[in-house]
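Data first, discussion second: the structure below is written as structure tokens.
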2 protein chains.
Amino acid sequence: MQEEQHPMTSAARRATITDVARAAGTGKTSISRYLNGETSVLSPELRERIEAAIAKLDYRPNQMARGLKRGRNRLVGMLLADLTNPYSVEVLQGVEAACHALGLMPLICHAANEVDMERRYLQLLTTYRVEGVIVNALGVKEELLQTFSLGGIPVVLVDRSVEGFVTDMVGLDNPKAVALATRHLVDEGFDDVVFIVQPFKRVSSRRAREAAFRDTIGALGATGSTIVLDLADAAPALAAIDAHLRDAGANLQRVALFAANAPVALRVALHLKERYGVDWQQRVALMSIDDSEWAELAGMTTVRQPTYDIGRRAVEFLHERLERGLERGPEGARMPARECLLPGELVVRSSTRRKLSPGT
Amino acid sequence: MQEEQHPMTSAARRATITDVARAAGTGKTSISRYLNGETSVLSPELRERIEAAIAKLDYRPNQMARGLKRGRNRLVGMLLADLTNPYSVEVLQGVEAACHALGLMPLICHAANEVDMERRYLQLLTTYRVEGVIVNALGVKEELLQTFSLGGIPVVLVDRSVEGFVTDMVGLDNPKAVALATRHLVDEGFDDVVFIVQPFKRVSSRRAREAAFRDTIGALGATGSTIVLDLADAAPALAAIDAHLRDAGANLQRVALFAANAPVALRVALHLKERYGVDWQQRVALMSIDDSEWAELAGMTTVRQPTYDIGRRAVEFLHERLERGLERGPEGARMPARECLLPGELVVRSSTRRKLSPGT
DNA sequence: TTGTATGCGTTATCAC
DNA sequence: GTGATAACGCATACAA
């Protein structure tokens with residue numbers, strides 16, 4: 001009844017290590033050794049038989065069983081707050097590449113901006129016994145993460161820290177990046193800068209960027225203010241922006257808008273276009289952190305984050321901790337929390353180049 | 001030596017079902033029963049003890065072990081060719097939501113446009129014994145997918161079919177969508193439409209869209225041509241576009257550019273901006289399939305794909321096959337391949353609204 | 001150099 | 001109602 005057109009066992013279940021052993025006329029141990037690269041302790045002849053059997057049966061070791069036995073399944077959890085944000089996708093690319101290089105498999109969880117999803121996914125990751133987690137979340141709290149740490153599962157934070165919780169974290173060097181951008185604006189002759197940021201919530205980077213903005217503006221002796229824009233209800237903030245623009249125009253001030261990230265920048269740009277028409281760029285200068293794909297098209301100045309490297313570093317941090325945990329006992333993985341702050345790169349485009357001589 | 005500050009077993013390994021059984025003063029079987037909702041056959045008293053023990057130990061069943069025993073681990077593979085393409089992210093959202101609702105866990109694999117990665121990831125999915133796969137790939141061939149089908153693992157294709165391989169597939173209704181868009185252009189008075197598409201390669205949807213374009217243009221008696229643009233080497237195609245635009249201008253023809261998807265549209269838009277300046281939209285009309293986030297900002301007409309539903313349907317297809325496979329024997333999952341073609345929605349923006357009276 | 005036996009955490013089969 | 005016990009597929013200590 002078995003049709004053997006293809007080299008594998010028809011439409012039945014996959015071959016197991018036992019099947020291979022039988023086909024190769026040997027024991028499971030030798031197969032296991034072959035799989036784990038203990039190639040030196042195998043007679044060339046047996047080795048060939050094993051290779052043949054594996055090929056014939058199209059055998060693939062079952063990672064689940066393997067993980068169960070070894071205690072580690074090479075799975076690492078990657079929790080992303082919002083894949084809609086190009087930042088996340090880019091970080092992800094770095095994470096994937098690094099994981100691949102290290103033989104790890106990222107289990108990607110996309111919370112789609114739902115705080116409740118974050119919690120559920122984190123719990124789920126726990127049931128799959130991931131060896132570590134990389135977290136870029138919106139509302140995760142310390143206690144949730146403690147579960148991992150206490151269980152000996154390393155946690156690496158991306159882009160934001162979590163209050164009351166110390167671990168490795170990697171992200172943009174916000175102070176430097178914001179200072180760079182702000183200084184650029186002032187240098188270009190803008191004497192009134194409006195920083196636009198989402199409600200801080202639990203997101204430390206938002207707060208950090210805003211603080212850096214105020215510091216820099218103060219140090220430069222320029223005029224600056226902050227407007228908080230909630231993407232779920234942007235009207236009030238947009239009205240505030242309009243008002244500010246109107247007043248500044250009356251005072252002959254040159255104002256620049258500085259968005260704290262790409263989603264905010266897009267929302268603001270859409271509003272400006274709607275309000276001032278297609279040539280809104282002639283009327284108001286907009287820049288942002290995050291160099292999204294449309295920035296070039298819109299000719300908008302940005303600060304490009306080293307997203308790929310951020311992802312890569314996050315995995316490296318994780319990997320180092322995993323290694324440590326292996327060498328010493330499970331309790332010996334103690335190691336001070338590290339922080340990796342990568343520099344942003346200013347990408348100057350037409351939106352912030354001086355167009356009008358001051359006072360005109 | 002054990003510090004019991006937190007309710008769980010210090011920094012050691014996670015609690016197992018045996019631990020819970022011991023803590024509850026019962027056998028593993030009862031715990032298992034409790035976990036699997038066989039709640040009716042448990043005395044209320046025992047039930048409470050179990051609940052308490054689980055809470056106290058912060059016990060989480062190990063999915064790996066569970067999968068090993070049951071033969072199914074609720075994992076489904078999701079292979080994505082390019083997360084950089086917003087289309088993919090949107091489809092993913094649908095997939096995730098549907099999976100979550102059905103108790104499935106998507107294992108997301110991002111091939112980053114590397115055909116070789118696709119192959120590797122597909123093999124990897126096999127080792128994790130996913131119960132099914134949803135594939136949106138660039139270069140996977142029939143043989144690779146056969147491995148899954150023959151192994152009794154359902155495959156659902158998204159957006160594109162694979163030559164010589166029959167399975168469920170879900171995507172945009174390309175003929176209708178392209179016809180809708182093309183007719184719109186002609187209605188708006190464009191008498192020369194250029195369709196721009198990436199090299200067909202193994203991507204069936206590209207071919208389908210181009211064919212639909214030619215059919216529609218022919219049926220409408222309008223002038224149309226196709227330019228193939230390779231994102232990795234766009235110069236020739238862009239030059240061809242320039243030439244076409246020049247010639248058409250000389251002949252007083254109104255030409256519209258129709259990009260087959262968002263990445264192409266972006267590349268073309270960038271070129272046009274570079275060539276014609278910030279008011280390039282005044283000179284040439286551009287539309288595209290895929291309603292990317294910058295389309296609104298650029299005022300570009302698009303065909304919006306029902307991405308979320310595409311993802312959802314894909315999971316539903318998969319789920320139905322999984323159920324079938326359970327009821328009847330593993331061989332009884334036979335079921336004709338289905339195709340779900342969802343309609344696109346025309347989003348008209350300023351880019352294609354008549355600006356010049358013909359012949360001016 | 002090779003094979004046997006045991007256990008990883010869970011579910012399923014069968015007794016009680 | 002409840003609880004031993006045998007698998008699931010694999011790795012490993014140990015024996016041969």
Side-chain angles (χ1 to χ4, degrees), chain A residues 9 12-50 53-54 57-75 126-131 151 326 330, chain B residues 9 12-50 53-54 57-75 126-131 151 326 330:
Chain A
T9 140
R13 82 192 194 304
R14 290 208 72 93
T16 79
I17 202 173
T18 314
D19 299 329
V20 179
R22 191 155 1 101
T26 178
K28 316 196 288 184
T29 312
S30 299
I31 313 296
S32 178
R33 289 206 176 103
Y34 174 85
L35 293 175
N36 293 325
E38 298 178 41
T39 171
S40 54
V41 280
L42 287 177
S43 72
E45 190 260 348
L46 213 203
R47 222 174 106 177
E48 270 187 27
R49 272 172 26 224
I50 294 181
I54 288 183
L57 298 176
D58 188 35
Y59 169 70
R60 300 261 206 283
N62 183 330
Q63 288 291 10
M64 299 301 160
R66 199 185 269 231
L68 188 57
K69 184 63 188 148
R70 293 194 138 140
R72 18 174 262 169
N73 53 19
R74 310 277 70 190
L75 247 31
T126 248
T127 75
Y128 278 101
R129 295 297 186 272
V130 292
E131 296 184 36
L326 233 60
Chain B
T9 140
R13 78 191 196 307
R14 289 208 73 93
T16 77
I17 202 174
T18 314
D19 300 328
V20 180
R22 190 154 4 101
T26 177
K28 317 197 287 185
T29 312
S30 298
I31 313 297
S32 178
R33 288 206 177 103
Y34 174 84
L35 293 175
N36 294 321
E38 299 178 37
T39 174
S40 52
V41 273
L42 287 177
S43 72
E45 190 260 347
L46 214 203
R47 221 174 107 177
E48 270 187 27
R49 272 170 27 222
I50 294 181
I54 287 183
L57 296 177
D58 188 33
Y59 168 72
R60 301 262 205 282
N62 183 332
Q63 288 290 9
M64 299 302 163
R66 202 185 268 231
L68 186 58
K69 185 61 187 152
R70 300 189 127 142
R72 20 175 260 167
N73 53 19
R74 310 277 69 191
L75 246 31
T126 251
T127 75
Y128 278 101
R129 295 297 187 273
V130 292
E131 295 184 36
L326 231 61

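Numbered from 1 within each chain, the chains take letters A, B, ... in sequence-line order. In what follows, every heavy atom counts, from backbone to side chain, and hydrogens, waters and symmetry copies are set aside.
- As a whole-Å value, the separation of Y128(A) OH from dG9(C) C1' is 15 Å.
- In this structure, Y34(A) and L46(A) have side chains that are not in contact, with every pair of non-hydrogen atoms separated by 4.5 Å or more.
- Between the OH atom of Y59(B) and the C1' atom of dG9(C) there is a distance of 7 Å, given to the nearest Å.
- For the strand DNA chain D, secondary-structure stems (runs of at least three Watson-Crick or G-U pairs, all distances below 3.5 Å) span C:1-16 with D:1-16.
- Using a 4.0 Å heavy-atom criterion, one finds that L46(B) contacts the sugar-phosphate atoms exclusively.
- Within the 4.5 Å cutoff, side-chain heavy atoms of M64(B) are placed close to those of N73(A).
- One atom, CG of N73(B), and another, P of dT11(C), lie 13 Å apart when rounded to the nearest Å.
- For R60(B), the side chain to side chain donor-acceptor pair (under 3.5 Å) partners are Q123(A), D58(B), not counting sequence neighbours.
- Within residues 17-25 of chain B, no residue has any heavy atom under 4.0 Å from DNA chain D.
- Residues that satisfy the side chain to side chain donor-acceptor pair (under 3.5 Å) test with R49(B), not counting sequence neighbours, are E45(B).
- L42(A) comes within 4.0 angstrom of sugar-phosphate atoms only, judged by non-hydrogen atoms across all strands, and of no base.
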Identify all side-chain donor-acceptor contacts of residues 19-30 of chain B below 3.5 Å with residues at least two apart in sequence or on another chain.
| from | atom 1 | to | atom 2 | distance (Å) |
| --- | --- | --- | --- | --- |
| D19(B) | OD1 | R22(B) | NH2 | 3.2 |
| D19(B) | OD2 | R13(B) | NH2 | 3.3 |
| D19(B) | OD2 | T16(B) | N | 2.8 |

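- Heavy-atom distances to DNA chain D give each of T26(B) and A65(B) a nearest nucleotide, and the one nearer the 5′ end belongs to T26(B).
- As a whole-Å value, the separation of L35(B) CG from dT10(C) P is 8 Å.
- Using a 4.0 Å heavy-atom criterion, one finds that Y34(A) contacts no nucleic acid atom at all.
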Restricting to nitrogen or oxygen on both sides, can you table the protein-nucleotides 12-16 of chain C pairs closer than 3.5 Å?
| from | atom 1 | to | atom 2 | distance (Å) |
| --- | --- | --- | --- | --- |
| dA12(C) | N6 | T29(B) | OG1 | 3.4 |

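- Considering only residues two or more places apart in sequence or on other chains, R66(B) meets the salt bridge (Lys or Arg N to Asp or Glu O under 4.0 Å) condition with none of them.
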Given side-chain contact (heavy atoms from CB on, under 4.5 Å), test I17(A) with N62(A) step by step and report yes or no. CA-CA 9 Å; I17(A) 202 173; N62(A) 183 330; over 6 Å; no

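- Within the 4.5 Å cutoff, the side chain of I54(A) has heavy atoms near those of the L35(A) side chain.
- Not a single side chain to side chain donor-acceptor pair (under 3.5 Å) links Y59(A) to another residue, sequence neighbours left out.
- With sequence neighbours left out, the salt bridge (Lys or Arg N to Asp or Glu O under 4.0 Å) criterion links R129(B) to no other residue.
- Remark: Q63(B) pairs with no residue by the side chain to side chain donor-acceptor pair (under 3.5 Å) rule, at least two apart or across chains.
- Bracketed by its first and final contacts, the part of DNA chain D lying under 4.0 Å from non-hydrogen atoms of chain A reaches from dG9(D) to dC14(D) in 5' to 3' order.
- One distance of note links OG1 of T18(B) with CD1 of I31(B); it measures 9.5 Å at 0.5 Å rounding.
- Shown here are the salt bridge (Lys or Arg N to Asp or Glu O under 4.0 Å) partners of E38(A), two or more places apart in sequence or in another chain: R33(A).
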